[in-house]
Amino acid sequence: MNTPSLLILAGDGIGPEVMDEVKRIITWYGKKRDMEFDVTEDLVGGVAYDKHGTPLTDETMAKAQEVDAVLLGAVGGPAYDDLDFSVKPERGLLRLRKEMDLFSNLRPAKCFDALADFSSLKKEVVAGLDIMIVRELTSGVYFGEPRGIFDLPNGEREGINTQRYTTSEIRRVARSAFELARKRSNKVCSMEKANVMESGVLWREEVTWVHENEYPDVELSHMYADAGAMQLVRWPKQFDVIVTDNLFGDLLSDTAAMLTGSLGMLPSASLGVPMENGRPKAMYEPVHGSAPDITGQGKANPIACILSFAMALRYSFNDGAEADRLEAAVEKVLADGARTADLLGPEDGTPISTTEMGDAILAALDASL
Ligand code: NAD
């Protein structure tokens, strides 16, 4: 098999700072685990606009289509707020997701024991939490036609968005959730609003079809998305994999994420259909943005970006053992008390820097050998 290829798009703000720590970890895997990656770097977002007048050039888009996985830092910042919508930094990110057809967005919500006190929920509700939200990412109400704001004959205006799903769009994201569940605790809960939406009825029927015909060994339950939101904050540990549409997934994954504490801890993966070599089209990125308020100060927590690379090891390179090793290294440094500023309250002692967090994780990786 060829050397696995990675395209690094560090982007704006703290993106390059957190990605620097990931690059050190990639180097560690080359040196210590004999896992070489063919790494290319390029620009996305505001930095790409500054150089090329567009947040993503066609050449960069073409590279993203060819590599085994894209690692993205963050895009955006106040310097670009007044740009035309068509060249805003976020358009670069949306173009990547759309043209790579990354329909399955994986958002884990995992509570590290050492941070259980950090959650806004009671410790016993979140300690040991490990759930995965699979959000459909390329269809639904954010993309459905017709859409727009229209003038009505009576002088009023009307805003329209259309929730629309097809059989194949639902089936493919359902399969991705069932596949994940088989590697975890073998349970999927599908969430929609079948009580009030026809698209929800279809969603439930198609998820059930995939279950009965292809994954009868996985436990499947259904829940209305509003009830699901309540259950997520009442007793989240009842869930393993949750699969849901684009809109509900947007809300539910952010809710679940906050159960675990800081934005600086949250990774994500967006996966598409398998390429010729069997690997899915894939992009891995922290959930957080470019954090202009702390850019250039060495304060950014690199863990979200590092855990995104762990997801790449697991889902693109099929190396669960090395992904476990990296996640365990993060768990160890947190248990030992290493904290960037975002993981500390005002009275909680001295934070370490982005680089020092990287150092600690590398030391824990060394210790794992
Ligand atoms: P943000 O995620 O950048 O920051 C929110 C808050 O969390 C800030 O106080 C920030 O300092 C803190 N924070 C975020 N990541 C952190 C980390 N790794 N370590 C420590 N603290 C961290 O969201 P925002 O402030 O709403 O947006 C800033 C810019 O980022 C905007 O231009 C926005 O459009 C963009 N954005 C980009 C993405 C992305 O690239 N995927 C996502 C969200 C926002």
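Heavy-atom basis, side chains included; hydrogens, waters and symmetry copies ignored. Counting convention: from 1, in listed order, for ligands and their atoms alike.
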Return the orientation label for the F37 and F309 ring planes: parallel under 30°, perpendicular over 60°, tilted otherwise.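 Perpendicular.
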Heavy-atom donor-acceptor pair, [X] side chain to [Y] backbone, under 3.5 Å:
| X | Y | value |
| --- | --- | --- |
| D12 | G46 | yes |
| D245 | E192 | no |
| R95 | L56 | yes |
| D240 | M132 | no |
| K281 | M275 | no |

Is there a chain of hydrophobic side chains (I, L, V, M, F, W, Y, each step under 4.5 Å between heavy atoms) that links L362 to L369? yes
Can you check which of [options] brings a heavy atom nearest to [atom]?
| atom | options | result |
| --- | --- | --- |
| atom 39 (C) of ligand 1 | M265, K88, H288 | H288 |
| atom 22 (C) of ligand 1 | I294, D12, N301 | I294 |
| atom 28 (C) of ligand 1 | P292, G289, G76 | P292 |

Please check if any side-chain donor atom of E169 sits under 3.5 Å from a side-chain acceptor atom of S139, or the reverse. yes
Among protein heavy atoms, which lies nearest [atom], and at what distance?
| atom | value |
| --- | --- |
| atom 7 (O) of ligand 1 | L263 CD2, 3.7 Å |
| atom 29 (C) of ligand 1 | S290 OG, 3.2 Å |
| atom 11 (O) of ligand 1 | D293 OD1, 2.8 Å |

Residue [X] vicinity, atoms of ligand 1 by number, heavy atom under 4.0 Å:
| X | value |
| --- | --- |
| I14 | 15 (N), 16 (C), 17 (C), 18 (N) |
| A74 | 40 (O) |
| G264 | 17 (C), 18 (N) |
| A291 | 3 (O), 10 (C), 11 (O), 14 (C) |
| E90 | 32 (O), 33 (C), 34 (O), 35 (C) |
| E285 | 41 (N) |

Got an N/O contact under 3.5 Å between G77 and ligand 1? yes
With a cut-off of 6.0 Å (strictly less than), are more than 12 heavy atoms of other residues, nucleotides or ligands near NZ of K237?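 Above 12, so yes.
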Heavy-atom neighbours of D217 CG exceed 12 at 6.0 Å: yes
Using a 4.0 Å heavy-atom cut-off, say whether [X] meets ligand 1 through its side chain, its backbone, both or neither.
| X | value |
| --- | --- |
| L93 | side chain |
| D81 | neither |
| V75 | both |
| P286 | neither |

Return yes when A300 approaches ligand 1 closer than 4.0 angstrom through a heavy atom, no otherwise.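 Yes, A300 has heavy atoms under 4.0 Å from ligand 1.
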Contact between V18 and ligand 1, counting heavy atoms under 4.0 Å? no
Are T3 and S5 close enough, and set up right, to give a side-chain contact (heavy atoms from CB on, under 4.5 Å), and what steps lead you there? CA-CA 6 Å; T3 311; S5 53; over 6 Å; no
Taking atom 9 (O) of ligand 1 as the reference point, report whether a protein heavy atom occurs under 4.0 Å from it. yes
Flag: protein heavy atom within less than 4.0 Å of atom 25 (O) of ligand 1: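 No, because not a single protein heavy atom sits under 4.0 Å from atom 25 (O) of ligand 1.
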Evaluation steps, side-chain contact (heavy atoms from CB on, under 4.5 Å), between R135 and N246: CA-CA 6 Å; R135 166 189 172 194; N246 203 343; 2.8 Å; yes
Single hit among V75, T60, L71 for side-chain contact (heavy atoms from CB on, under 4.5 Å) with L9: T60
